[in-house]
There are 2 protein chains.
Amino acid sequence: MTSEAEPREKLRAAGFRVTRTRLIIGHRLWNGPDSRHVDVAALHTDIQASGEKVSLATIYNTLRDFERAGLIRRIAVASDRIWYDTDTGNHHHFHDMSENRLFDVPGASCEPHSLPEPPDGYRITKVDTLFHLEKVR
Amino acid sequence: MTSEAEPREKLRAAGFRVTRTRLIIGHRLWNGPDSRHVDVAALHTDIQASGEKVSLATIYNTLRDFERAGLIRRIAVASDRIWYDTDTGNHHHFHDMSENRLFDVPGASCEPHSLPEPPDGYRITKVDTLFHLEKVR
DNA sequence: CTCAATGCAAAGTATTTGCAACCGA
DNA sequence: TCGGTTGCAAATACTTTGCATTGAG
């Protein structure tokens with residue numbers, strides 16, 4: 001479903017130059033499971049663990065750029081970190097705050113919301129639905 | 001619908017001592033419109049503007065305490081600030097990121113979500129639904 | 001009186017910015 | 001080569017903590 005070439009194409013299609021750094025990041029975003037949830041620190045750790053090297057600031061900047069280009073999506077979470085999702089469509093999330101983990105509500109059961117009427121002069125660009133989890137017992 | 005005495009009672013009911021600081025904050029939270037959305041900085045500015053004085057750190061701490069006690073609720077927003085809502089029930093929000101404004105989706109039309117099945121060992125404690133707004137044109 | 005509550009400053013994180021060095025097209 | 005990119009350090013938030021002082025019960 002994913003291929004080595006995909007990040008390259010995605011970058012080019014979005015008008016980005018294909019650079020070492022963007023490939024390293026794009027690789028981790030798009031060559032894994034279909035939907036991947038990342039925060040900057042974890043991605044940085046990940047990259048370092050694999051022996052590659054990208055500065056933390058650059059990861060912040062690159063993910064911000066990717067988001068602006070619509071390649072990834074920022075998720076609304078009550079957390080001290082920014083979370084991104086590689087799935088840019090509207091879908092629901094579970095959030096386990098105690099472990100700072102975020103994952104999709106499984107099943108294709110994410111029926112599209114019946115959107116409310118936006119205030120005058122505005123339009124709705126995306127919807128975040130977040131279910132907060134707590135460990136039982 | 002709201003009265004001067006309400007903050008006092010709310011505090012006591014939640015087991016808090018009734019102090020000057022908590023009254024100042026509680027006053028602003030519960031003596032206004034039914035649902036009020038605040039971020040710490042704005043509340044601080046507000047309090048200062050009225051001639052009263054509560055330190056920023058204390059506002060942070062107090063709101064955190066109030067949230068733990070269930071008096072207010074933290075909202076999931078993709079923002080660089082913490083947002084609280086005086087309405088602790090599950091309801092939907094509009095978020096205008098360009099102005100950092102947050103408000104309720106009007107109408108009682110906030111049909112309860114059909115909750116998904118939580119992962120084993122977890123239960124769902126609350127639901128945040130956020131509609132991102134963008135100015136048209 | 002006593003211990004919780006507060007103010008303040010300092011510490012801790014998370015995120016962004018400025019700019020020189022670098023590199024893809 | 002040229003202008004977009006990156007790394008790094010420093011700057012900026014935002015939020016929490018530590019501790020001496022205050023004040024509610």
Side-chain angles (χ1 to χ4, degrees), chain A residues 5 7-28 37-48 51-69 71-72 74-84 97 100 102, chain B residues 5 7-28 37-48 51-69 71-72 74-84 97 100 102:
Chain A
R8 254 197 164 74
E9 284 156 17
K10 267 183 141 70
L11 290 174
R12 256 197 282 269
F16 289 111
R17 277 196 191 171
V18 176
T19 64
R20 184 191 71 98
T21 302
R22 289 185 181 138
L23 281 176
I24 291 175
I25 296 175
H27 193 68
R28 276 175 185 66
H37 309 93
V38 301
D39 66 280
V40 181
L43 191 55
H44 187 230
T45 303
D46 228 49
I47 288 174
Q48 290 198 311
E52 299 176 296
K53 195 157 154 325
V54 178
S55 89
L56 187 60
T58 297
I59 298 181
Y60 271 107
N61 292 336
T62 302
L63 290 181
R64 188 159 29 60
D65 292 343
F66 283 4
E67 193 214 346
R68 287 190 182 135
L71 295 181
I72 56 179
R74 183 168 171 183
I75 312 172
V77 187
S79 149
D80 55 349
R81 317 180 186 189
I82 295 179
W83 281 93
Y84 291 106
M97 172 169 280
N100 229 330
L102 196 71
Chain B
R8 255 197 163 72
E9 284 156 17
K10 269 185 140 67
L11 290 174
R12 256 196 281 270
F16 289 110
R17 279 196 189 170
V18 176
T19 65
R20 185 192 70 98
T21 303
R22 289 185 180 137
L23 280 175
I24 291 176
I25 295 176
H27 192 68
R28 276 176 186 68
H37 309 92
V38 301
D39 65 281
V40 181
L43 190 55
H44 186 231
T45 303
D46 228 49
I47 289 174
Q48 291 198 310
E52 298 176 296
K53 196 158 153 323
V54 179
S55 89
L56 186 60
T58 297
I59 298 182
Y60 271 107
N61 293 336
T62 302
L63 290 180
R64 189 159 25 63
D65 292 344
F66 283 5
E67 193 214 346
R68 288 190 182 136
L71 294 180
I72 56 178
R74 182 166 171 185
I75 313 173
V77 187
S79 150
D80 54 351
R81 314 175 189 196
I82 295 177
W83 281 92
Y84 291 105
M97 171 168 281
N100 229 331
L102 196 70

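Below, chains carry the letters A, B, ... as their sequence lines are ordered, and counting in each starts from 1. These numbers come from a predicted model, not from an experiment.
When rounded to the nearest whole Å, the span between CD1 of A/Ile24 and P of D/dT5 equals 16 Å. For the pair B/Leu56 CG and C/dG7 C1', the interatomic distance rounds to 11 Å; values are reported in whole Å. Regarding A/Leu63, its CG atom lies at a distance of 15 Å from the P atom of D/dT5, rounded to whole Å. Across the protein-nucleic acid pair, A/Arg12 atom CZ and D/dT5 atom C1' stand 16 Å apart, rounded to whole Å. We find that CZ of A/Arg20 is positioned 19 Å from P of C/dA21, with the value rounded to whole Å. For the pair B/Arg74 CZ and D/dC14 C1', the interatomic distance rounds to 11 Å; values are reported in whole Å. Between the CZ atom of A/Phe66 and the C1' atom of D/dT6 there is a distance of 13 Å, given to the nearest Å. As rounded to whole Å, 12 Å separates atom C1' of C/dA4 from atom CZ of B/Phe16.
Note on B/Val18: only backbone sugar-phosphate atoms sit closer than 4.0 angstrom, heavy atoms only; bases stay farther off. Base engagement by A/Arg17 is indicated by at least one non-hydrogen atom pair under 4.0 Å involving a base atom. When heavy atoms are screened at a 4.0 angstrom cut-off, B/Thr58 is found touching base atoms of the nucleic acid. In this structure, B/Ala41 reaches neither bases nor backbone, as no heavy-atom distance under 4.0 Å exists between it and the strands shown.
Along DNA chain D, the nucleotide nearest to B/Ala57 and the one nearest to A/Val54 differ in position, and the one closer to the 5' end is contacted by A/Val54.
For the pair B/Asp46 and B/Val38, the minimum side-chain heavy-atom distance is 4.5 Å or more. Put simply, the side chain of A/Ile47 reaches to within 4.5 Å of the side chain of A/Ile25, judged on heavy atoms.
Checked against D/dT15, C/dC8, C/dA14, the side chain of A/Asp80 finds its nearest nucleotide in C/dA14. Side-chain proximity of A/Thr19 to the nucleotides D/dC14, C/dA14, D/dT6 is greatest for D/dT6. Side-chain proximity of B/Arg22 to the nucleotides C/dA14, D/dC8, C/dA5 is greatest for C/dA5. Nearest nucleotide to the B/Ser55 side chain, out of C/dC8, C/dT15, C/dT17: C/dC8.
In this model, the phosphate group of C/dT16 is approached by a side-chain N or O of A/Arg64 to a distance below 4.0 Å at OP1 or OP2. OP1 or OP2 of D/dT15 sits under 4.0 Å from a side-chain N or O of B/Tyr60.
Checking side-chain atoms of A/Arg28 against main-chain N and O of A/Ile24 turns up a donor-acceptor pair under 3.5 Å. Checked by atom type and distance alone, the side chain of A/Arg22 pairs as donor or acceptor with a backbone atom of A/Arg17 at under 3.5 Å.
In this structure B/His44 satisfies the ring-ring contact (aromatic ring centres under 6.0 Å, His included) test with no other residue, sequence neighbours excluded.
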